[in-house]
Structure formats: C-alpha cells, structure tokens
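So you know, we letter chains A, B, ... as the sequences are listed, proteins then strands, and number each from 1. On a predicted model such as this, the values are computed, not experimentally measured, just so you know.
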Number of protein chains: 2
Amino acid sequence: MRKLPVKLASQLYGAAELIAERGLDGTKIEDIAEATGIPKATLYYHLEGKNAVLEFLLTDLLEMIAGAVGIAIASAESARTRLETAVTAQLGVMLEHPFLCRALVGDLGRATRLPDLAVALRAAFFEPIEQLLTDGAADGSLRQVTDPSAVATSIFGAITVAGLSAAVDGPLKEPSSEAVRLSAAISDLILDGLAPPGTRDALES
Amino acid sequence: MRKLPVKLASQLYGAAELIAERGLDGTKIEDIAEATGIPKATLYYHLEGKNAVLEFLLTDLLEMIAGAVGIAIASAESARTRLETAVTAQLGVMLEHPFLCRALVGDLGRATRLPDLAVALRAAFFEPIEQLLTDGAADGSLRQVTDPSAVATSIFGAITVAGLSAAVDGPLKEPSSEAVRLSAAISDLILDGLAPPGTRDALES
DNA sequence: CCTATGTTGTACTGCTAGTACAAACTGTGA
DNA sequence: TCACAGTTTGTACTAGCAGTACAACATAGG
C-alpha cells in the first residue's frame, strides 16, 4: 500500500470533498471511483479498502501540519514567539485544506482507530505544543503552569477546534489572511487570558 | 421515535460502551441487541435504525451538559466566576460519562449530520460560553476581546478537547475530583493566559 | 519479443441494515 | 370474562454495498 504512484495520489484528492460532505460511510467506493476517475479495480489494486483512502488523505494532512509547525518552532526566537508562529502555521494549513479537515472531523473516530494515524495526530498537533510549554518555562517567555499536560491539551483543543470550525463553516476566499486573524485571536486568549488587566491572581485558594 | 419507554431507554445505555469502542459502523445491530438485551425486532419497533440509537444516547448526553451548564451560569455571580463554574460543570458531566463522550467523538461526523443533534451540540457547548463572554464584558469581570466569536470557539475547544481526551484516556475512579483538577488548569489558562506576569501587552501591532 | 508489473471491466460472494409479518403477550376498560 | 390496542419478539426475507476473483489488455525495460 505504501508507494502509491504520484498520479493516483493526486487524483485521490478528488475524493476529499465527497468524504467531507457525506462521511466515509455515506460514500460508496463506486462514488470515489467516479469522482477521482480511478476505476474501482485499480483502487483495490493499490489500496486495501475504503479506510485506506481516508488514511492516505489524512496522513497527508497531518504531515503537512506537522511539517509547517515543525518549521515554525525550529527558529531561535523565544518560546512565546514560536508558540504564536506555530498557532498561525497550524491554522494556515488547516484553512488551506478545508475538505481534508472536514473529513478528519467527520471520521475522527475512525481516524483514532487507525493506529498510524493516531500517532501522527499526536505528533502533528499535541507534542509540539507540549514542547513549547516546556521551553517557555525554561527561557522565561512563558509562565510555568501547574499542569502542563492538561494545558497543552487545552491549547491543542483551542487551536484545532477553531480551525476545524472555520473549515466546516465553509471554504474561505482568503485562507491565509483568515488564518492570521484567527490565530491572533487565539494567541491573545492563550497568552493574556480573559481576566481584565490588573486582576491577575493565583486561582487556587 | 420520541417517547421511548423508560425501561428500554435505560437498557440502551448498555450499548454506549460498545459504540465507544468500535464506532457505530463497527457495531452490528445484532451486537447492540445482544449487549442491551433488547431484541432486534423491538429495537426497530421503537427506533428508526442505528443512527437513532446514537442520536438517543448523544441527545441525552448533550441535555445533561446543557442542563448542568445552564444551572452553573444562572447564578448571580460575576461572569468570570460563572465561567469557571460552567467549565467545571461541563467537565463534570463529561467525565461522568466517558463512554458517551467517546461515542460522541467517534461519531462526531455523523452527529453533526444529524440536524437535531447539531443544534443541541451548539446549545450545550458553544452558546453558553458566548453568552458569558458578552456578560463579562458588560459587568467588567472579563476583558473585552477583539473577536468574541473566535474566542468562544476556542474556549469551547479547549474545554471539550480536554474533557474528551480525559474520557478517551480511560474511565476515572474519581470523575468529579478529576473534573475539578482539570477545570482549574483550564480556567487558569483562559483567565490568566500563559504570558509571565508583568509582560501583558496588546498583541496587535 | 518476452516478462514484470500495472490497469481495468465484469461477474461474483458475503455480510448486514432494514423490512415484513405473524404469533404471542400485556394491560385496560366494560 | 372478553375484546381490543398497543407492544414484544422470532423468523424469514430483500437489497445494497464492500471486497474478491480473474481474465483481458497495456506498457515498459531488457
């Protein structure tokens, strides 16, 4: 199944919108064949089934995200700055590929049951954030938090849901500027919080 | 389909774990029949199919969450305090029902394609938060943000993903104390942010 | 021109959701 | 006790789709 010929791979993207719209179950293999122009027999020659189609598409998306985020966090800036850059990078890729995102949400359950994908998902989304949190505590550009893992999960959720929801609401005309707008809002939230200036406190009693 | 007899309704919960584990597609109606003790013919007498089983379970979960959150935000406290209470309430219900949560993630796509559920989902999760943001800006207990809708989506994402991820990681022995712990971490994040004290600034140039 | 590998149409199998229906059971009201 | 409505359940059936089998054909490298 690895080493899918490039031509087929690119045709396969034609199935993303279909899957995004109806879910994988609502999509017949025959529909995918028709939408991509790849005959059913050929699909089965290269792929192991419907799930493999989804897996191929999502692996790709996750690799794009992991790649973009990877570049963003590799700079020499402070962790705080890198966090902001990473947020923008992740949202950028997501908004650039709304159909893939919608397919991902729609079949999240299946995705998390595909072992390779679950790993890719963690690597693309969660781990970079966790790393930045650690770095930030070390270089002083981010506050030390009580429960870094819970906070990383929440940040991951904030970014991802915002991106997903933007993707679901409809493909944008200007994905990259929208990504900048959205990520500004998110960075604003996760860096400065919602408490009015001057009221900061330790929440624990 | 409305007015499912109470006895059947309670038996139906026996299917939640199954669906959480394998997804709705991986679960045969016969499996549900066996797990719940409700014969297939009876299931079809009351429900319109597999989707209706999921819809029933999730509607219930969403109503529980909407109810708990509704109570939390109805108090006379400041919006900020109510936000913290609401976070705890939502997480409390989610952690109390890990299988339902897992079923929800797993079949999120299907869920959002069930019109009633999509509405319930918004009402349970998103709208209360948006409301609190407005209230907080009015009563001065929360900062006015540039893009309230994006921020509400992000907060919703932060809470929900944290809860979902806790539910997926495994049922807890002590759901309610875990909910308190988690919601403290989230409130800490969304109220005070990650910037170290004294470095707050407007992010926009 | 021979062989590997890929491509595709066609026909088939097997599984499962959903349906049909008849027989039995339950409670209610007269 | 009976009649009736609603419910319960087993059994048998239909239909649709994923996945398989396979043969004919294409293509390219040596």
> Does atom CD of A:Gln11 have more than 12 heavy-atom neighbours, drawn from other residues, nucleotides or ligands, at distances under 6.0 Å?
Replying inline: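 Yes - once you tally the heavy atoms of other residues, nucleotides and ligands closer than 6.0 Å, there are more than 12.
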>> Can you confirm whether more than 12 heavy atoms, excluding those of B:Glu34, are under 6.0 Å from its CD atom?
In response: no
Using atom [atom1] of [X] as one end and atom [atom2] of [N] as the other, report the distance to the nearest whole Å.
X: B:Tyr44; N: D:dA12; atom1: OH; atom2: C1'; result: 15 Å
X: A:Lys7; N: D:dA28; atom1: NZ; atom2: P; result: 12 Å
X: B:Leu43; N: D:dT9; atom1: CG; atom2: P; result: 10 Å
X: A:Asp25; N: D:dG16; atom1: CG; atom2: C1'; result: 14 Å
X: B:Leu8; N: D:dG6; atom1: CG; atom2: C1'; result: 14 Å
X: A:Glu30; N: D:dG16; atom1: CD; atom2: C1'; result: 11 Å
X: A:Tyr45; N: D:dA26; atom1: OH; atom2: P; result: 17 Å
X: B:Leu47; N: D:dT7; atom1: CG; atom2: P; result: 13 Å

>> Less than 4.5 Å apart, side chain to side chain, heavy atoms only: is that true for A:Ile155 and A:Leu133?
In response: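 Result yes, sub-4.5 Å side-chain heavy-atom pair found.
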>> With the 90 degree cut-off around zero defining syn, does C:dA24 come out syn or anti?
In response: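 Anti.
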> Any donor-acceptor pair under 3.5 Å between the side chain of B:Lys40 and the base of D:dG10?
Replying inline: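 Side chain to base: no pair below 3.5 Å.
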> Start at the 5' end of DNA chain D and walk down; is the nucleotide closest to A:Ala41 or to A:Ile29 reached first?
Replying inline: A:Ile29
> Any Lys/Arg nitrogen of B:Asp25 or B:Arg110 sitting under 4.0 Å from an Asp/Glu carboxylate oxygen of the other?
Replying inline: yes
> Does a salt bridge link B:Arg143 with A:Asp192, judged by any charged N lying under 4.0 Å from a carboxylate O?
Replying inline: no
>> Do A:Ser78 and A:Thr81 pair up side chain to side chain, a donor and an acceptor below 3.5 Å, judged on atom types alone?
In response: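 On atom types as modelled, these side chains qualify, holding a pair under 3.5 Å.
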> Is C:dC25 paired to anything, Watson-Crick or G-U wobble with both distances less than 3.5 Å, and if yes, which nucleotide?
Replying inline: D:dG6
> In the strands shown, is D:dT27 matched to any nucleotide by a Watson-Crick or G-U wobble pair with both distances under 3.5 Å, and which?
Replying inline: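 Across all strands, not a single nucleotide pairs with D:dT27.
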> Any donor-acceptor pair under 3.5 Å linking the side chain of A:Ser141 with the backbone of A:Ala79?
Replying inline: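 Such a contact is found between A:Ser141 side chain and A:Ala79 backbone.
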> Want to settle it: does A:Pro39 or B:Leu24 sit nearer the 5' end of DNA chain C, counting the closest nucleotide to each?
Replying inline: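 So the residue in question is A:Pro39.
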> Taking any atom under 4.0 angstrom from a heavy atom of chain B, which nucleotides of DNA chain C are the first and last to qualify, 5' to 3'?
Replying inline: C:dT16 to C:dT19
